[in-house]
Amino acid sequence: MLNFATPVSPCPSLLDSSLLFPVSLRVIDRKIKAHLPTKAHSQVSIMNMSESVQVTNNLTNPEASSQRTLYPYVTGTSVVAIKYKDGILMAADMGGSYGSTLRYKSVERMKSVGKHSVLGASGEISDFQEILRYLDELILHDNMWDDGNSLGPKEVHNYLTRLMYNRRNKFNPLWNSLVLGGVKNGQKYLGSVSMIGVHFEDNHVATGFGNHLARPILRDEWKEDLSFEEGVKLLEKCMRVLLYRDRSAVNKLQIAKLTEEGMTISQPYSLKTFWGYGAFQNPTVGAEGSW
Amino acid sequence: MENMDLNAPHSMGTTIIGVTYDGGVVLGADSRTSTGMYVANRASDKITQLTDNVYICRSGSAADSQIVSDYVRYFLHQHTIQLGQPATVKVAANLVRLLSYNNKNMLQTGIIVGGWDKYEGGKIYGVPLGGTIIEQPFAIGGSGSSYLYGFFDQAWKEGMSKDEAEQLVVKAVSLAIARDGASGGVVRTVIINSDGVTRNFYPGDTLPLWHEELEPQNSLLDILNAPAPEPMNI
């Protein structure tokens, strides 16, 4: 029986509507992709109609003809994840920043992948959405074999590593830091991949600011076989510190739990913060003008 | 100018808004197109039709947003013929995303896609710089939108009626025009629901006056010649 994956559907995708209207959209999708800048060499894009356009573009906008991603626009901040007794716990806030503006506050930055894995991402959201599409296709082909096997977290992590590293080699990276966690046949797996293809596997991982603020806490307080409650409290401790100290953090987060049974992602919720230190009330007592 | 942070997202000369309400969507925009400091067109129409039931608000480079909308209209037209029924808003938004994402190094345009289809009702999708696609109950874009984040945080609520939604949009665009030099002119709105599409036009004199703005007059002479105020009855 063909099993089209992902009970938790990813962000609005061409694929969703394609399942309802198979023929025409895939044709148009392919037509658009045929015009797209190919990875090896560029310039035959849907937008470039003539050679002369290139000349002025190169003077007034030297980056236009390049095929490298130069900088991110809409970005997500830290993702933190740990192994616990029954599997993996991952936390990420729901913010999508646009430069210094906290523009989008309901972005889901963690998504399930196949039956056994969950992917969390920080960095450019459009590139994360594209990675989800690549993974959709990977899982689809995996299911189409219909052989009873399914890609586990280790395999998906390896796929993502290759994806990120190969893009890095072409100077056109997917501007993300990824966290991939999962459980298969009782084996827990938690790995991380950066935008330049640096990858590793550990009991606890974090991206972005989480590397500097969360990992020291985890190094101190993580232990083998944490209960669900202990794990959630530990992640919340990390997320609260990030909320205090990361300018792009947003107080609306989700925690994903991944066990042998599957993935559940919590409803969005907010953390209480503490400001009741005496020194906060009167910070400049004894030193007027200081801060 | 040399000290500008060249890597900050470019702000875009416009105010565009898309809002869902109970039964459909309301799209709104200002009408100013500027070339540097000069207003090239003071009555532009930034709300562009893609199909009978899907419209987009364009911001950023006028050329880039126009070419993207032309391509998407062309693809959607083909798609509608092959499908045999009206395209959905989600499909239209995804086509916009494909072009924006795959040409991200060359394009400078932020787009709000809004419409109504029989499967999902009224929907708004934002496609900002970079080609992220994000479904939202309401979306704001363009340089004028900076002045509206606080306003919408306070004034937006779920389940508005068509008239409430349109009034909110008109008020918001009008507030942005008051403070953003790159936005101005008239307020245009487009309402899309199961009954069809309605275009509305709100010139400056129909809009409320904000802080430090005065009632427009024909001439100083009218003020000088105005009848003297009534003496007080003490």
Side-chain angles (χ1 to χ4, degrees), chain A residues 11-18 20-25 27-29 31-33 35-37 42-43 45-49 53 57 61 63-76 96-108 124-130 133 172 175, chain B residues 5-11 63-64 67-68 71-72 74-76 78-85 87-95 97-108 110 117 119-120 123 125-137 139-141 145-146 149 153:
Chain A
C11 44
S13 74
L14 196 59
L15 213 57
D16 285 346
S17 3
S18 295
L20 291 173
F21 318 119
V23 178
S24 55
L25 274 166
V27 170
I28 293 181
D29 192 34
K31 260 200 201 159
I32 295 180
K33 288 212 173 119
H35 288 290
L36 294 175
S42 54
Q43 274 48 28
S45 93
I46 235 174
M47 297 296 151
N48 273 343
M49 288 298 163
V53 175
N57 266 354
N61 185 6
E63 308 149 345
S65 54
S66 93
Q67 284 309 311
R68 15 177 355 167
T69 307
L70 298 153
Y71 29 76
Y73 289 102
V74 181
T75 55
S97 299
Y98 187 73
S100 59
T101 304
L102 305 174
R103 188 166 184 186
Y104 302 108
K105 294 190 181 176
S106 297
V107 182
E108 277 199 37
E124 169 69 49
I125 301 295
S126 65
D127 285 344
F128 173 54
Q129 290 176 344
E130 196 70 4
R133 278 171 163 75
N172 182 207
W175 208 286
Chain B
D5 178 13
L6 299 167
N7 288 333
H10 298 279
S11 63
D64 287 350
I67 202 74
V68 167
Y71 273 111
V72 177
Y74 166 68
F75 289 131
L76 274 177
Q78 274 190 356
H79 172 55
T80 305
I81 291 169
Q82 290 167 347
L83 199 61
Q85 57 184 35
T88 59
V89 189
K90 185 188 268 195
V91 165
N94 197 53
L95 286 168
R97 179 198 76 87
L98 276 173
L99 288 169
S100 291
Y101 180 75
N102 290 308
N103 293 287
K104 65 160 82 184
N105 290 338
M106 285 179 275
L107 293 176
Q108 219 190 78
D117 60 55
Y119 297 103
E120 305 249 41
K123 282 285 182 195
Y125 293 89
V127 185
L129 248 48
T132 313
I133 185 169
I134 179 144
E135 200 242 297
Q136 302 171 86
I140 56 179
S145 68
S146 306
Y149 285 99
D153 276 347

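As the structure is a computational prediction, the values presented were derived from the model and not from experiment. Quick note on labels: first sequence line is chain A, next is B, and so on, each numbered from 1.
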> Can any side-chain N or O of E124(A) pair as donor or acceptor with the backbone N or O of G130(B) at less than 3.5 Å?
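No: the side chain of E124(A) does not pair with the backbone of G130(B).
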> To the nearest 0.5 Å, tell me how far S126(A) OG sits from I134(B) CD1.
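Between S126(A) OG and I134(B) CD1, I get 11.5 Å after rounding to 0.5 Å.
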> Please give me the minimum heavy-atom distance between V74(A) and P128(B), naming the atom from each residue.
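Here V74(A) and P128(B) meet closest at CG2-CG, 3.8 Å.
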> Closest heavy-atom contact between N94(B) and R133(A)?
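Reported closest heavy-atom pair: OD1-NH2, 2.9 Å.
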> Measuring from atom CG of L98(B) to atom CD of E130(A), what distance do you get when rounded to the nearest 0.5 angstrom?
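If I round to the nearest 0.5 Å, the distance is 7.5 Å.
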> Does the side chain of L102(A) come within less than 4.5 Å of Y149(B)'s, by heavy atoms?
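Result no, sub-4.5 Å side-chain heavy-atom pair not found.
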> Does S145(B) have any side-chain hydrogen bond (donor to acceptor under 3.5 Å, both in side chains) partners at least two apart in sequence or in another chain, and if so, which?
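Result, side-chain hydrogen bond (donor to acceptor under 3.5 Å, both in side chains) vs S145(B): none returned.
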> For G131(B) and Q129(A), which heavy atoms make the closest approach, and how far apart are they?
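So the minimum-distance heavy-atom pair works out to O-OE1, 4.2 Å.
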> Which bit of I81(B) comes within less than 4.5 Å of chain A, counting heavy atoms only: side chain, backbone, both or neither?
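Contact with chain A is absent: no heavy atom of I81(B) under 4.5 Å.
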> Can you tell me how far CG of D153(B) sits from NZ of K105(A), rounded to the nearest 0.5 angstrom?
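Nearest 0.5 Å value for the NZ-CG distance: 5.5 Å.
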